[in-house]
Amino acid sequence: MARVPEAPESPATAYVTARAASISGNHGQAAQIYARLAARSSDNALGERAISEAIRAGDTALALRLIGRAGEASSIDSKLLVIADALKHGRTEQALKFVARSETGADLSFWDPLVRAWDAAERRNPSGALAILAQVPRNSALFPFVDEESAFILLKAGKAAEAEPYARRAIGSAGAREYRLRLALAAGFAAARDRQRALAMLEGIPGDTTAIRRALDSGGMKSIAIDSAARAFSDQLVALALQLRQSGRDPDSALNTARIAAFAAPDSSSAAILLGTMLAEQGRLANALAVLESVAANDPLKPEALDAQVRALVDNDRKQEALAIAKAAADRSGSGDDFARLGDVYGELDRHVEAAEAYRQAVTRLRVVENARIWPLLLLQASELESAGRWPEAKAALGSAIALAPDEPLILNFLGYSKLERGEDLDAAEALIRKASELAPDNASITDSLGWALYKRGRFDQAIDVLQKAAVGDPAQAEIQEHLGDALYAAGRKFEARFAWQAALATADEKDTARIRSKIESGLTTATAAR
């Protein structure tokens, strides 16, 4: 019997299937379906959806074919991809076409000076490049990057002494980008054969820079160098993707921007780490791990890649795999940062003694002792020791932390609250917490500690006032609501106490729910009191 041919899928059904594929993270399938629909329709929006999904899937070849089939690039994603492709292949004129001011579609004209300046640089005209950048208006999105682009262009021309003032100014205004910018500039000075200035770029980097210095001397900084138009554009896209990610408004656009950044400079470890992190955040763990693992072992940003890889595994409840990676890194390098990462993973596994030991090793192995780096590790060590029931050792670690940072409210609060829990030297405990509260008056957790100190000392009315302030500051924190309920009950305000306990129950950990329910049903007893 002849086979009955299948009825063709209706456009409506295909569209729904594509939407479902996109929502479930199967962007490659969504791109293929949208592309088929676009081929049978005059609706430009379908083509743009197909391009966007292809980029999200990492299939830039398909996205470029679809743009070519459409005959134009009008969306931001389309234009960014075409610009990146043009710059990779030295087609500056094509890139300039898409950064030209446009009356329709996405306007990317603020990038025009970047493309023209790097075109001049690659034609060995650094003075012409700097003249172009000098004309960037202050209200341009490119303006904050003018100094660093000028430095990179001069370094490409081997003009290290001329580049230094631009580099210094760029570092001074880099903000959160300072660490990576210092590395990129160090790579540039090293490529310009100025080791002294390259090392000077590392002076503001906290901790041990031995591995970075080795990479400088061995030529291992190429993955973070900014020495071409394509790499400069990729770096700009990384900054844009970070901005989009931090805003949280459009994660798909942020991911696509990171994808294009990685396409523009395939060996850029900055782009790879950002892309891998964002893929993990969107639940695409296998893709994330593949990208993060692509960062070479000798790359200066490898520790960041490992951090992201371990975090992704922990967040997906693959903690043993995370532990194996963290342990191998610590065994291999013996660096303080690697032991700190190992401590984090042991902590996630509730292996408190091993976590505390890893943090101790991290403190010991950090060769350049900087208070801002050491005291947080001592605080983590103390927390793990306390969780392991080793309070005397925890208290000693906290003492070391306070010696380094005597006005750090987190340390003061931790030590004061721990003493309070144990009924140990209540005057000193309250004094520590009160000082922490004066230093950080808007920290709800510290305000809660102060309220609880007043409760423990029988000053219920004062405790209620302080705990109510803490609850306003962080209404979702179960511990604060439970403390408030206990104080209200002790003050005879039993009806209000049950409302506070009900609020605590809404966000309480499973281990605390039975105790809170018991108080709601039967009232406060010695056995059900909060810690």
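Note that this is a predicted model, so its numbers are computed, not measured.
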Audit row: Glu354, Lys327, side chain to side chain contact (heavy atoms under 4.5 Å, CB included) steps and yes/no: CA-CA 11 Å; Glu354 290 152 302; Lys327 195 171 187 311; over 6 Å; no
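- For the pair Ser22 and Ala30, the tightest heavy-atom approach, listed with the atom from each and the gap, is N-CB, 3.9 Å.
- One finds no salt bridge joining Glu281 and Arg311 here, because no Lys/Arg side-chain nitrogen approaches an Asp/Glu carboxylate oxygen to under 4.0 Å.
- By the neighbour-count criterion of 12 heavy atoms within 6.0 Å, atom CD1 of Ile325 is densely surrounded, having more than that number from other residues, nucleotides or ligands.
- Side-chain N or O atoms of Thr277 include one that pairs as donor or acceptor with a backbone N or O of Ile273 at under 3.5 Å.
- The shortest non-hydrogen separation linking Leu185 to Leu155 is O-CD1, 4.1 Å.
- With Gln282 contributing its side chain and Pro251 its backbone, the two residues share a donor-acceptor pair below 3.5 Å.
- Taking the charged nitrogens against the carboxylate oxygens, Glu93 and Lys97 have no contact shorter than 4.0 Å, which rules out a salt bridge.
- For the atom pair CD of Glu321 and CG of Leu323, the computed distance is 11.0 Å after rounding to the nearest 0.5 Å.
- Between the side chain of Thr507 and the backbone N or O of Ala476, at least one donor-acceptor pair lies under 3.5 Å.
- Across all their heavy atoms, Pro266 and Lys88 have their closest contact at CG-NZ, 4.0 Å.
- Side chain of Asp299 to main chain of Leu301: a donor-acceptor pair is present (N/O by atom type, distance under 3.5 Å, no hydrogens or angles).
- By the 4.5 Å heavy-atom criterion applied to side chains, Arg56 and Asp252 are counted as neighbours.
- In this structure, the side chain of Ser387 engages the main chain of Ser383 through a donor-acceptor pair within 3.5 Å.
- Using a 4.0 Å cut-off between charged nitrogen and carboxylate oxygen, Arg123 and Asp119 count as a salt-bridge pair.
- Under 4.0 Å is where a charged nitrogen must lie from a carboxylate oxygen, and between Asp59 and Arg65 no such pair does.
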Could you walk me through whether Val295 and Glu304 pass side chain to side chain contact (heavy atoms under 4.5 Å, CB included), step by step? CA-CA 10 Å; Val295 177; Glu304 287 190 39; over 6 Å; no
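- For the atom pair Leu292 CG and Gln309 CD, the distance stands at 6.0 Å (nearest 0.5 Å).
- The closest side-chain heavy-atom distance from Tyr166 to Leu130 is below 4.5 Å.
- Minimum heavy-atom separation, Ala54 to Ala31: N-CB, 3.5 Å.
- Contact of the Val99 side chain with the Leu114 side chain is not registered, since no non-hydrogen atoms from C-beta on lie closer than 4.5 Å.
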Give the C-alpha distance, both sets of side-chain angles, the deciding distance and a yes or no for side chain to side chain contact (heavy atoms under 4.5 Å, CB included) between Ile153 and Leu133. CA-CA 10 Å; Ile153 284 170; Leu133 291 172; 3.9 Å; yes
Can you check side chain to side chain contact (heavy atoms under 4.5 Å, CB included) on Trp118 and Ile226, steps first, answer last? CA-CA 11 Å; Trp118 273 98; Ile226 310 297; 4.2 Å; yes
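- By the neighbour-count criterion of 12 heavy atoms within 6.0 Å, atom OH of Tyr15 is densely surrounded, having more than that number from other residues, nucleotides or ligands.
- Under the 4.0 Å criterion applied to side-chain N and carboxylate O atoms, Lys319 and Asp350 are not assigned as salt-bridge partners.
- Atoms CD and CG, from Gln361 and Leu342 in turn, are 9.5 Å apart once rounded to the nearest 0.5 Å.
- In this structure the side chain of Leu313 reaches within 4.5 angstrom of the side chain of Leu289, judged on heavy atoms.
- Using modelled atom types and a 3.5 Å distance limit, the side chains of Asp338 and Ser335 yield a donor-acceptor pair.
- The only option from Asn256, Leu255, Thr257 that meets the side-chain contact (heavy atoms from CB on, under 4.5 Å) definition with Leu244 turns out to be Thr257.
- Electrostatic pairing of Arg341 and Asp344 does not count as a salt bridge here, judged by no charged N lying under 4.0 Å from a carboxylate O.
- For the pair Ile55/Phe263, no side-chain contact is recorded, criterion being any heavy-atom separation below 4.5 Å from C-beta on.
- Taking 4.5 Å as the limit, some side-chain heavy atom of Ile205 sits within range of a side-chain heavy atom of Leu183.
- Under 4.0 Å is where a charged nitrogen must lie from a carboxylate oxygen, and between Asp85 and Arg91 at least one such pair does.
- Nearest heavy-atom pair across Ala18 and Ile33 is CB-CG2, 3.7 Å.
- The two residues Tyr34 and Arg19 make their nearest non-hydrogen contact at OH-CD, 3.2 Å.
- Crowding of Gln243 atom CD: a count of heavy atoms from other residues, nucleotides or ligands under 6.0 Å not exceeding 12.
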Taking it one step at a time, do Trp111 and Phe233 satisfy ring-ring contact (aromatic ring centres under 6.0 Å, His included)? CA-CA 9 Å; Trp111 264 319; Phe233 188 61; 5.1 Å; yes
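- Side-chain atoms of Arg231 come within 3.5 Å of backbone N or O of Ser223 as a donor-acceptor pair.
- Both tests do not hold together for Arg182 against Tyr179: distance to the six-membered ring centre under 6.0 Å, angle to the ring axis within 45°.
- Side-chain N or O atoms of Gln477 include none that pairs as donor or acceptor with a backbone N or O of Ala471 at under 3.5 Å.
- Of the possible donor and acceptor atoms, one in the side chain of Ser75 sits under 3.5 Å from a partner among the backbone N and O of Ser78.
- Remark: Ile260 CD1 to Asp77 CG distance equals 5.0 Å, nearest 0.5 Å.
- Between the side chain of Lys156 and the backbone N or O of Asp227, at least one donor-acceptor pair lies under 3.5 Å.
- The closest side-chain heavy-atom distance from Leu349 to Gln320 is below 4.5 Å.
- Rounding to the nearest 0.5 Å places CG of Leu96 at 12.0 Å from OG of Ser109.
- Within the 4.5 Å cutoff, no side-chain heavy atoms of Val291 are placed close to those of Met278.
- The distance from atom CG of Asn316 to atom CG of Leu285, rounded to the nearest 0.5 Å, is 4.5 Å.
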